[in-house]
Amino acid sequence: MIELRYSSGKLISPEVHKIGIMAIGSHLENHGAALPIDTDSKIASYLALQASIRTGAKFLGVLYAATEYDYVKHGIHKPVEVLVEKELFPTLRSAKNNLNLEAVVLVNGHGGNVPIKDYLADIEKELDIKIIFNNRIVEIEGPHAGTGELSMGVVLGIADESCLNEHCQFDEYSEVGMVGLHEARQQSKGIDEGACQVESEGIVVDLKVGKNLLETAIIAIVKDVQSLLN
């Protein structure tokens with residue numbers, strides 16, 4: 001059997017090979033005129049990969065499906081129970097068995113995935129693996145498809161700046177800031193506050209904001225990896 005050189009390469013510790021980093025986002029969700037429908041998955045994947053590069057932890061790719069609150073209707077998603085049972089659990093089981101993992105950081109880029117957290121304790125117990133749910137980018141990016149997310153999209157090269165004026169036509173693109181998602185605004189105070197912010201302040205591209213959001217999130221993921229080593 002080949003003896004693998006676990007100390008080779010740029011690593012914070014040879015023990016980091018026991019840790020995986022996986023992105024979870026949403027591939028099928030409207031983000032206005034300037035951002036693609038898989039914006040959340042692309043951002044989450046970028047963050048996960050960059051944190052993997054900085055630490056040496058295993059990059060596990062991205063989960064192909066997502067969930068969402070019933071009252072947020074701007075994409076195609078699975079019920080959380082189905083997502084966990086049919087997608088997340090089998091993926092984590094395969095990653096653990098094939099890569100001898102002891103821990104995984106889930107990098108979430110989609111606010112609708114937060115209910116997954118309620119199922120992680122059972123997954124940890126059944127797979128005998130430690131899981132950290134990193135939600136930092138969702139916590140700091142601001143309203144859906146707003147200035148924060150759009151600015152990150154421009155930094156990453158996935159946004160079309162020529163569509164910015166069209167992007168802000170809320171009658172046509174009701175999901176931007178969730179301004180036109182009236183049921184969601186009624187059900188969630190946070191969503192309504194974000195929509196009000198977008199309505200009053202508008203949306204702009206700010207490269208400094210975009211870069212800062214991405215870097216802040218990457219640092220948070222790196223810290224999670226370091227905490228698992230300790």
Side-chain angles (χ1 to χ4, degrees), residues 23-48 62-80 82-83 87 107-116 135-214 216-217:
I24 55 174
S26 177
H27 286 81
L28 302 171
E29 179 178 282
N30 289 329
H31 278 75
L35 289 168
I37 59 173
D38 58 349
T39 292
D40 292 349
S41 291
K42 283 189 165 92
I43 290 175
S45 295
Y46 172 82
L47 298 174
V62 60
L63 196 68
Y64 295 156
T67 188
E68 182 56 277
Y69 298 101
D70 292 339
Y71 52 80
V72 180
K73 297 177 174 63
H74 58 8
I76 300 174
H77 302 95
K78 295 179 180 291
V80 63
V82 174
L83 178 71
E87 306 292 341
V107 178
N108 184 40
H110 168 60
N113 283 332
V114 172
I116 290 174
N135 198 46
R136 188 59 177 153
I137 196 61
V138 171
E139 296 166 350
I140 63 177
E141 69 184 356
H144 181 74
T147 291
E149 202 165 17
L150 183 61
S151 298
M152 287 189 290
V154 172
V155 171
L156 297 180
I158 64 173
D160 184 350
E161 292 184 77
S162 70
C163 294
L164 182 57
N165 289 335
E166 185 182 356
H167 187 81
C168 296
Q169 294 176 9
F170 303 130
D171 291 339
E172 181 71 19
Y173 301 98
S174 58
E175 73 275 5
V176 175
M178 300 199 187
V179 170
L181 301 186
H182 302 298
E183 182 181 357
R185 294 183 67 169
Q186 292 172 355
Q187 293 285 337
S188 170
K189 179 180 178 181
I191 288 176
D192 186 57
E193 290 175 345
C196 289
Q197 178 185 338
V198 168
E199 287 177 313
S200 63
E201 300 177 7
I203 298 172
V204 298
V205 172
D206 188 323
L207 296 181
K208 183 177 180 180
V209 167
K211 292 176 182 177
N212 183 64
L213 287 170
L214 293 168
T216 299

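Just so you know, these numbers come straight off a predicted model, no measurement behind them. Just so you know, these numbers use all the heavy atoms, side chains as well, and skip hydrogens, waters and symmetry mates.
- Other residues, nucleotides and ligands contribute only 12 or fewer heavy atoms inside 6.0 Å of the CD1 atom of Ile76.
- Note that OG1 of Thr216 is 10.5 Å distant from CG of Leu47, once rounded to the nearest 0.5 Å.
- Looking at every heavy atom in both residues, Ser45 comes nearest to Val62 through OG-CB, 3.5 Å.
- His144 contributes atom NE2, which lies 11.5 Å from atom CG of Leu150 (distance to the nearest 0.5 angstrom).
- Note that SG of Cys196 is 4.5 Å distant from CZ of Arg185, once rounded to the nearest 0.5 Å.
- Across Val198 and Pro143, no two heavy atoms sit closer than the pair CG2-CB, 3.6 Å.
- A donor-acceptor contact shorter than 3.5 Å links the side chain of Ser151 to the backbone of Asp206.
- Closest approach of Leu35 and Gly153 over heavy atoms only: CD2-CA, 4.0 Å.
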Under the side chain to side chain contact (heavy atoms under 4.5 Å, CB included) rule, what do Asp160 and His167 come out as? Steps first, then yes or no, please.
CA-CA 10 Å; Asp160 184 350; His167 187 81; over 6 Å; no

Worked check of side chain to side chain contact (heavy atoms under 4.5 Å, CB included) between Leu181 and His74
CA-CA 8 Å; Leu181 301 186; His74 58 8; 4.2 Å; yes

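- Of the possible polar contacts, none joining the Ser174 side chain to the Asp171 backbone as a donor-acceptor pair under 3.5 Å is found.
- Of all the heavy atoms in His27 and Tyr64, the pair that sits closest is ND1-O, 3.5 Å.
- Considering only heavy atoms from C-beta on, Asn108 stays 4.5 Å or farther from Ile116 through its side chain.
- Shown here for Val179 and Glu199, the closest heavy-atom pair between the two residues is CG1-OE2, 3.4 Å.
- Here the side chains of Tyr173 and Asn30 are not in contact, with every heavy-atom distance at 4.5 Å or above.
- At least one donor-acceptor pair under 3.5 Å links the side chain of Asn113 to the backbone N or O of Thr67.
- In this structure, Gln197 and Glu193 have side chains that are not in contact, with every pair of non-hydrogen atoms separated by 4.5 Å or more.
- Contact detail for Tyr69 and Gly111: the closest heavy-atom pair is CE1-O, 3.8 Å.
- The distance from atom OG of Ser26 to atom CD1 of Ile43, rounded to the nearest 0.5 Å, is 11.5 Å.
- Annotation: the span from Tyr71 atom OH to Met178 atom CE amounts to 9.0 Å, rounded to 0.5 Å.
- A distance of 9.5 Å separates NZ of Lys73 from CD of Glu68, quoted to the nearest 0.5 Å.
- At least one side-chain heavy atom of Asp40 sits less than 4.5 Å from a side-chain heavy atom of His31.
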What do the steps show when you test Met152 against Val209 for side chain to side chain contact (heavy atoms under 4.5 Å, CB included), and what is the final call?
CA-CA 8 Å; Met152 287 189 290; Val209 167; over 6 Å; no

Going through the checks in order, is the side chain to side chain contact (heavy atoms under 4.5 Å, CB included) test met by Glu29 and Glu175?
CA-CA 9 Å; Glu29 179 178 282; Glu175 73 275 5; over 6 Å; no

